[in-house]
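A quick note: this is a predicted structure, and the numbers were derived from the prediction, not measured. Counting convention: from 1, in listed order, for ligands and their atoms alike.
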Amino acid sequence: MTVHERPWWRRGTIYEIYPRSFQDTDGDGVGDLAGIERRLDHLTHLGVDALWIAPFSPSPMKDFGYDVADYCAVDPLFGTMDDFDRLLAAAHARGLKVITDLVLNHTSEEHAWFAQSRASRTNPRRDWYIWRDGRGDGQPPNNWLSIFGGSAWRLDEATGQYFLHSFLDCQPDLNWRNPEVEAALIDVLRFWLDKGVDGFRLDAFWMIYKDAQFRDNPPDPDWREGMIPYLRNKPVHFGDQPETIDACRRLRTFVDAYPGDRVLIGETYLPIARLMTYYGAAGDGLHMPFNFKLIQAAWDAREIDEVIRRYEGALPEGAQPNWVLGNHDNPRAASRIGGPDAARAAAVLLLTLRGTPTLYYGEELGMTDVEIPPGREQDPRAINEPGLGRDPERTPMPWSAAPNAGFTNGDPWLPLGPQWATDNAETQAADPDSTLYLYRRLLALRRAEPALHSGGFTPLGVQGEVVGYLRHSDGGRRFLTALNVSADRGRFDFEGSGQIVLATRRAREGQMVSSGVALGPHEAVVVLLS
Ligand code: GLC
């Protein structure tokens with residue numbers, strides 16, 4: 001297969017849109033589908049290849065759309081199905097792919113399936129969800145904990161049984177062991193594939209199967225007060241079951257029967273060895289199980305180098321790597337890893353590693369987490385588990401110096417960051433030293449160079465606090481990335497010479513370097529080797 005024949009998802013870059021916060025067009029303070037369409041030019045100028053839109057289907061919005069009440073419709077808050085069709089057509093007309101979010105693990109308690117399931121113990125849909133008797137004395141069926149805090153079981157008074165919820169107690173888990181459930185969900189895939197979507201991001205995918213015997217999870221002896229309560233027990237019987245890998249294959253077979261290169265990307269918070277099994281033993285599983293190792297790693301040269309090597313080293317033959325720096329569930333890179341300069345270096349890392357990068361909206365502006373004043377929290381997790389709320393990374397995109405940063409004519413659902421009037425997409429577009437410019441240059445370079453979008457990877461190790469690696473294509477150009485992960489000056493020595501073609505400090509671009517490159521604090525460069 002030549003480089004140009006590789007499917008788009010093996011070459012391209014994905015951009016995650018959290019639709020509530022991208023662009024509002026109807027003045028209700030919440031973004032919508034028409035808003036995404038209005039901003040497509042931003043994405044084409046940026047140079048990404050695909051957008052993944054977080055859920056927009058009808059939902060009581062307890063978990064902002066990850067609690068689906070109807071899979072094959074659009075919530076009026078986000079617009080209409082016509083708006084979606086227009087958005088899809090407009091994206092495709094610009095050569096952008098569209099990936100939608102598919103919540104397979106659970107529905108909202110307001111979904112018609114669950115209404116039937118909870119209606120009586122004998123309802124034909126009873127077994128579409130996971131119901132168990134308690135252990136007596138008001139004890140839930142076992143010790144499984146919800147990822148969002150508390151027991152994973154909720155008692156339904158009317159029928160006297162407990163239902164399982166991996167997340168909020170209004171998000172009942174579907175029973176994947178019932179083939180009717182899988183068939184119904186396959187119909188959902190069919191609905192969106194027939195519309196022409198280019199793939200799915202499968203929400204909470206690693207969780208879809210649980211232990212068939214409902215065994216208790218063992219306590220984790222390393223758990224300490226202050227750690228995420230959910231991890232108090234090792235979730236060995238809760239998620240990531242062998243049956244999940246079989247499900248990967250069945251979904252893949254279904255999706256691959258469609259023309260065009262449709263893609264399945266799984267949300268998979270798993271250790272590297274387990275993550276790899278989701279590709280399928282014969283490459284017949286998910287196209288890309290999400291790799292969150294950069295989100296989880298400390299911003300430390302040795303740790304970053306090691307994570308990259310371990311991940312690269314574990315990938316099965318032919319499997320497509322992928323990298324993620326941020327998403328709607330984790331603190332933003334610019335806040336997590338030590339400021340805007342470090343975030344710029346991280347952009348170089350994300351976009352020059354081997355594999356498909358996923359950007360989170362606003363990362364291209366160096367957006368930081370926004371402090372949410374007391375009383376304005378929206379994420380139920382912030383209320384369940386103080387300190388673990390995800391509102392700070394979900395705030396509206398600052399587009400311009402217009403009122404509310406051009407995001408809405410109404411009151412934004414979450415506050416804007418404090419700098420929006422002077423630091424937004426418009427001001428950055430006018431400043432060649434901005435983070436937006438850096439992202440555009442990186443994405444343009446990546447797209448132009450087979451070594452970067454499709455080539456090989458060779459780690460060069462760590463020198464001081466600088467991580468170095470090579471990217472190369474057969475008989476083609478070779479690029480060296482050197483990334484200073486510290487606030488001190490650094491240096492990376494290498495054999496030969498070359499020219500800096502991209503740098504976090506633009507003034508360095510064009511410089512010739514020989515046998516090594518000196519780096520300022522948090523500086524990253526890409527050198528075209530001669
Ligand atoms: C996934 C989503 C997250 C959501 C959860 C429950 O982890 O990314 O936002 O709350 O699933 O659906």
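When hydrogens are left out, the protein atom nearest atom 4 (C) of ligand 1 is Asp63 OD2, 3.2 Å; that is the closest non-hydrogen contact. Remark: minimum distance from atom 7 (O) of ligand 1 to any protein heavy atom is reached at Glu267 OE2, 2.8 Å. Closest protein heavy atom to atom 9 (O) of ligand 1: Asp329 OD1, 2.7 Å.
Ligand-side atoms of ligand 1 in range of His328: 2 (C), 3 (C), 8 (O), 9 (O), range being under 4.0 angstrom from any heavy atom. Below 4.0 Å from some heavy atom of Arg394 lie the following atoms of ligand 1, by number and element: 9 (O). Contact atoms of ligand 1 toward His106: 6 (C), 12 (O) (distance under 4.0 Å to a heavy atom of the residue). Atoms of ligand 1 found under 4.0 Å from any heavy atom of Arg390 (numbered from 1 in listed order, with element): 3 (C), 4 (C), 9 (O), 10 (O). Set against the non-hydrogen atoms of Phe167, the atoms of ligand 1 under 4.0 Å away are 5 (C), 6 (C).
In this structure, Arg121 pairs ionically with Asp133, as a charged nitrogen and a carboxylate oxygen lie closer than 4.0 Å. The pair Asp85-Lys195 counts as a salt bridge, with a side-chain nitrogen and a carboxylate oxygen less than 4.0 angstrom apart. Using a cut-off of 4.0 Å between Lys/Arg side-chain N and Asp/Glu carboxylate O, Arg446 and Asp49 are scored as not salt-bridged.
Under 4.0 angstrom from ligand 1, there are no non-hydrogen atoms of Arg381. Using a 4.0 Å cut-off between heavy atoms, Phe148 contacts ligand 1 through its side chain alone, with no backbone atom that close.
Taking CZ from Phe148 and NE2 from His165, the interatomic distance works out to 11.5 Å, rounded to the nearest 0.5 Å. With values rounded to the nearest 0.5 angstrom, Asp26 atom CG is found 7.5 Å from Thr408 atom OG1.
Inspection of the Glu364 and Tyr15 side chains reveals an N or O donor paired with an N or O acceptor under 3.5 Å. When only modelled atom types and interatomic distance are considered, Thr107 and Tyr71 share no side-chain donor-acceptor pair under 3.5 Å.
His165 does not count as a contact of ligand 1, since none of its heavy atoms falls under 4.0 Å from the ligand. Assignment of Arg201 to the shell around ligand 1 is supported, since a heavy atom sits closer than 4.0 Å.
Here the shortest heavy-atom distance to atom 1 (C) of ligand 1, taken over Thr107, Leu168, Asn105, Asp203, belongs to Asp203.
The side-chain contact (heavy atoms from CB on, under 4.5 Å) with Arg20 is formed by just one residue from the set His328, Met61, Arg394; it is Met61. Among the candidates Arg126, Arg118, Arg132, the single residue satisfying the side-chain hydrogen bond (donor to acceptor under 3.5 Å, both in side chains) test with Gln161 is Arg126.
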